[in-house]
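Data first, discussion second: the structure below is written as structure tokens.
In the text below, chain A, chain B and the rest are named by the order of the sequence lines, each starting its count at 1.
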4 protein chains.
Amino acid sequence: MKDKIFEKSIDLFGENGFSETSIQHIVDALGVTKGTFYYYFTSKEQILMEIHLRFINDILAKQDAIIQDPNRNYQEKIYEIICMLMKNIEVQGKSAKIFFREMQNLSDGHLSQIFEKRDEFRIKFQELIELGMEKGEFRKDLDSHIAALGILGMVNWSYHWFDPDGPLSDTTVAKIYIDLVLNGIKAE
Amino acid sequence: MKDKIFEKSIDLFGENGFSETSIQHIVDALGVTKGTFYYYFTSKEQILMEIHLRFINDILAKQDAIIQDPNRNYQEKIYEIICMLMKNIEVQGKSAKIFFREMQNLSDGHLSQIFEKRDEFRIKFQELIELGMEKGEFRKDLDSHIAALGILGMVNWSYHWFDPDGPLSDTTVAKIYIDLVLNGIKAE
Amino acid sequence: MKDKIFEKSIDLFGENGFSETSIQHIVDALGVTKGTFYYYFTSKEQILMEIHLRFINDILAKQDAIIQDPNRNYQEKIYEIICMLMKNIEVQGKSAKIFFREMQNLSDGHLSQIFEKRDEFRIKFQELIELGMEKGEFRKDLDSHIAALGILGMVNWSYHWFDPDGPLSDTTVAKIYIDLVLNGIKAE
Amino acid sequence: MKDKIFEKSIDLFGENGFSETSIQHIVDALGVTKGTFYYYFTSKEQILMEIHLRFINDILAKQDAIIQDPNRNYQEKIYEIICMLMKNIEVQGKSAKIFFREMQNLSDGHLSQIFEKRDEFRIKFQELIELGMEKGEFRKDLDSHIAALGILGMVNWSYHWFDPDGPLSDTTVAKIYIDLVLNGIKAE
DNA sequence: TATGAATGAGAGTTCATTCAT
DNA sequence: GATGAATGAACTCTCATTCAT
């Protein structure tokens, strides 16, 4: 039951927004009562926090796996991370929407916890760029900080428009992005 | 008074979110009463719509001006648009936050009006890329659609982190972005 | 202007009800402002009272004229009153609706004023019945009080269903009523 | 509690009118909170509709029972219906007031439901008159439609003035009414 | 004559949460 | 494990009325 409530909450928060989704909506959709919700969760915000935690911990773990892979150079690692993020938007689009859109509804304490992890993700990404610069894979004159923000922004923004049921696969988009990021759009 | 209410609404919607900001908050912050709010506006959503319209109409007009400039090539036009968007985030950051975050709170009728205009902006940007490809300014093998979405995503995302009072100016960021977009990060 | 406001109020109170009609509705329908309303009337209830007064004074005067007519016997006088009431519903249906339906929205002081006049009308009608009984026009065993209430009720109720634009004229209905009242429905 | 709220609503709607009675009034009178009201009812109008339905269904059922009684002729059936209506006004005067006065506050959908049932009642009454005419109990030259409207109007109107605690019983009034209706007031 | 800005009280309704059972 | 009754605070919005101009 706990899992059912959790999944249905993701569904409805993603579809209609956190503030717009009442606990009544959630329990009605499951045919149970509000009491049941409060038996498993202490507040609506707690569920939002769990969604956030699950999402960010998941991509942090995946990022770490990619970073530690000894068989890939930095270009490939960045490609893998972009792929991973796009796949994430594809398979858990609702969670992604909630993660990127409903942050503000977390309590201050929870919010800073999440911020820390988001920063961690971004900094690790930035470090890959810096290591690639040292190794000569990337241009030496980059601003790694803004580059990281720019590339991640490009990818994250996709949750606004990317449609898992549309004609483009996550990998297709990821490949176009990495080409864009590596080579730019200027004709040589 | 109408303007005061409008500006304060932008302030509070931007700071705390649309759903989280009550009309009571707005009028309390101005030392007037709820009646005053409803004397000037017919609903809370009407204000949200006006914020959206003002924002999108403004950047559409600015985009048009840039597009029609006969003294600039396509690289420069795209740079100008990126600059313009960043400047927009700088000077009306609250409106930008609201524009990118609170869309969902518009009524269906209003929402589709805004969608149309957002699409218009994106398509015009994409056309610049395509014209630049024809002219030989940009690589011929680009996917102009995804490229447009990617570049605009990168820029738009900045509203999440860009701090007008921080050490980086909007132009600085825009220059880094355009370098990234034109040349990519790969070492030659 | 005062008259315009008065007439439009009758219109809207009759159509939508007193409580459901706001002063805003009234002035909007006339293209003026609320200030104008309060320039001519001191309150919404005052208008309601004036509607009531005009209506009841009008039918009281008409009743008096009928009662004093020396050329008619009591049967005829009662017939004339029924006719007059039906005609009233026909030509000022909105006022009638308001008169019969919105009484409760008068202040206590005003209400008792109206009650007095309504009682006056009923009592005068009852007196006609009693005089007719003495004269031998009507049965001697009537309960004049209930008879008056019953007959007036029958006629007044018509405002619920009588449609001035329908197939039946006010006189037609009045004739059927008086036949009913005089002769009953039982076969001889 | 649900019943308590229902009964108190009848009380207050009847006393002060539907629009004039706020939910706050209702719950204050019961010492509960507005939340409680909305736990049991979805809107103020829903309660109004339930009052209407209960009232009209009740008198429709009672009318049917009278119509189907094989031991009574049409005169008697009509008398029984008048008695029943008067008794109804006596024992549930508040509901009657609401039923006859607050119809307009129903939503369109609900209103037409009630109209149908009111029409059904009236038509069945009219049919009794017509059957009585065929049987020779009533005059053959009646306009059954207007007669039905007139008689029911006379009875219904009683809710305006009939006082259950007054000197006249419901049966007394009903008897006077039926005498009036059957025999008329004219001296033979 | 008429306006327009502003008020303040109150309307119906929603909702996260509590808690005895 | 789950319910159902109840709360209380907050919500958006309405409206009759006032008053300086």
Side-chain angles (χ1 to χ4, degrees), chain A residues 1-2 4-5 18-28 30-48 105, chain B residues 1-2 4-5 18-28 30-48 105, chain C residues 1-2 4-5 18-28 30-48 105, chain D residues 1-2 4-5 18-28 30-48 105:
Chain A
M1 181 80 288
K2 188 173 184 184
K4 273 193 193 169
I5 294 176
F18 177 78
S19 295
E20 288 66 33
T21 304
S22 72
I23 287 167
Q24 195 65 59
H25 289 144
I26 298 166
V27 296
D28 280 357
L30 292 169
V32 294
T33 59
K34 274 194 275 198
T36 309
F37 182 96
Y38 282 94
Y39 180 76
Y40 291 109
F41 299 93
T42 59
S43 74
K44 200 182 159 193
E45 195 246 348
Q46 189 210 332
I47 267 208
L48 184 61
N105 291 296
Chain B
M1 183 80 291
K2 188 176 184 183
K4 272 191 194 171
I5 293 175
F18 177 78
S19 296
E20 288 67 32
T21 303
S22 73
I23 286 160
Q24 196 64 61
H25 289 143
I26 298 167
V27 296
D28 280 357
L30 292 168
V32 295
T33 60
K34 273 188 282 190
T36 307
F37 181 96
Y38 282 97
Y39 179 72
Y40 292 108
F41 299 93
T42 58
S43 71
K44 199 182 157 192
E45 195 246 347
Q46 189 209 332
I47 270 210
L48 184 60
N105 292 296
Chain C
M1 182 80 289
K2 189 176 181 179
K4 272 193 193 169
I5 293 175
F18 177 78
S19 295
E20 288 67 33
T21 304
S22 72
I23 287 167
Q24 196 64 60
H25 289 143
I26 298 167
V27 296
D28 280 357
L30 292 168
V32 294
T33 58
K34 274 193 275 198
T36 309
F37 182 95
Y38 281 94
Y39 180 75
Y40 290 110
F41 299 92
T42 58
S43 72
K44 199 182 160 193
E45 194 246 349
Q46 189 210 331
I47 268 211
L48 184 62
N105 291 295
Chain D
M1 182 80 290
K2 188 175 184 183
K4 272 192 193 170
I5 293 174
F18 177 78
S19 296
E20 289 67 33
T21 303
S22 72
I23 286 162
Q24 195 65 62
H25 288 143
I26 298 167
V27 297
D28 280 358
L30 292 168
V32 294
T33 59
K34 275 192 279 194
T36 307
F37 181 96
Y38 282 95
Y39 180 71
Y40 291 109
F41 299 93
T42 58
S43 72
K44 200 183 159 193
E45 195 247 346
Q46 189 210 331
I47 268 209
L48 184 60
N105 292 296

- request: Send over the distance from B/I47 CD1 to F/dT12 P, rounded to a whole Å.
  value: 12 Å

- prompt: For D/S22, what residues pass the side-chain hydrogen bond (donor to acceptor under 3.5 Å, both in side chains) criterion, not counting sequence neighbours?
  reply: D/H25

query: Which residues pass the side-chain hydrogen bond (donor to acceptor under 3.5 Å, both in side chains) test with C/K34, sequence neighbours left out?
result: C/Q24

- prompt: Choosing from F/dC15, F/dC11, F/dT12, which nucleotide comes nearest the side chain of B/K44?
  reply: F/dT12

- prompt: When we call it a touch if two heavy atoms are under 4.0 Å apart, what does D/T21 touch: a base, just sugar-phosphate, or nothing?
  reply: sugar-phosphate

- prompt: CD of A/E20 versus C1' of E/dA16: gap in Å, rounded?
  reply: 15 Å

task: Mind calculating the distance between CD (B/Q24) and C1' (E/dA9) to the nearest angstrom?
output: 12 Å

message: Holding to side chain to side chain contact (heavy atoms under 4.5 Å, CB included), I want the full list of residues that pass it with D/F41, two or more places apart in sequence or in another chain.
response: D/K2, D/I5, D/F6, D/F37, D/Q46, D/I47, D/E50

5' priority, DNA chain F, between C/T42 and D/K2 [closest heavy atom]: D/K2

Output a table of nitrogen or oxygen pairs between the protein and nucleotides 2-5 of chain E separated by less than 3.5 Å.
from	atom 1	to	atom 2	distance (Å)
E/dA2	OP2	C/Y40	OH	2.1
E/dT3	OP2	C/T33	N	3.3
E/dT3	OP2	C/T33	OG1	3.1
E/dT3	OP2	C/T36	OG1	2.0
E/dT3	O5'	C/T33	OG1	3.3
E/dA5	OP2	B/Y39	OH	2.2
E/dA5	O5'	B/Y40	OH	3.4

message: Rounding to an integer number of Å, can you tell me how far B/E45 CD sits from F/dC11 P?
response: 18 Å

query: To the nearest Å, how far apart are C/L30 CG and E/dT1 P?
result: 17 Å

query: Over how many whole Å does the gap from D/I23 atom CD1 to E/dG12 atom C1' extend?
result: 5 Å

- line: The nucleotide from E/dT13, F/dT12, F/dT18 with an atom nearest the side chain of D/S43 is E/dT13

query: C/I26 has an atom CD1; how far is it from atom P of F/dT14, in whole Å?
result: 17 Å

task: Evaluate the side chain to side chain contact (heavy atoms under 4.5 Å, CB included) criterion for residues B/N105 and B/L48: first the C-alpha distance (whole Å), next the side-chain angles of each, then the deciding distance (0.1 Å), finally the verdict.
output: CA-CA 8 Å; B/N105 292 296; B/L48 184 60; 3.6 Å; yes

task: Specify the separation, in whole Å, of atom CD of D/Q46 and atom P of E/dT13.
output: 10 Å

message: Go through it in stages, so that I can follow the logic: the residues are D/T36 and D/V27, the test is side chain to side chain contact (heavy atoms under 4.5 Å, CB included), and I'd like the CA-CA distance, side-chain angles, deciding distance and then a yes or no.
response: CA-CA 8 Å; D/T36 307; D/V27 297; 5.6 Å; no

task: For DNA chain E, write out the stems as range with range, using runs of 3 or more consecutive Watson-Crick or G-U pairs with both distances under 3.5 Å.
output: E:2-21 with F:2-21

- request: Indicate whether OP1 or OP2 belonging to F/dT17 is found under 4.0 Å from a side-chain N or O atom of C/Y38.
  value: yes

Any residue meeting side-chain hydrogen bond (donor to acceptor under 3.5 Å, both in side chains) with C/S19, in chain and number order, not counting sequence neighbours: D/E20

D/M1 CE to D/L30 CG distance, which is reported to the nearest 0.5 Å: 5.0 Å

field: Minimum-distance pair of heavy atoms, taken over all atoms of A/K44 and A/F18
entry: NZ-O, 2.9 Å

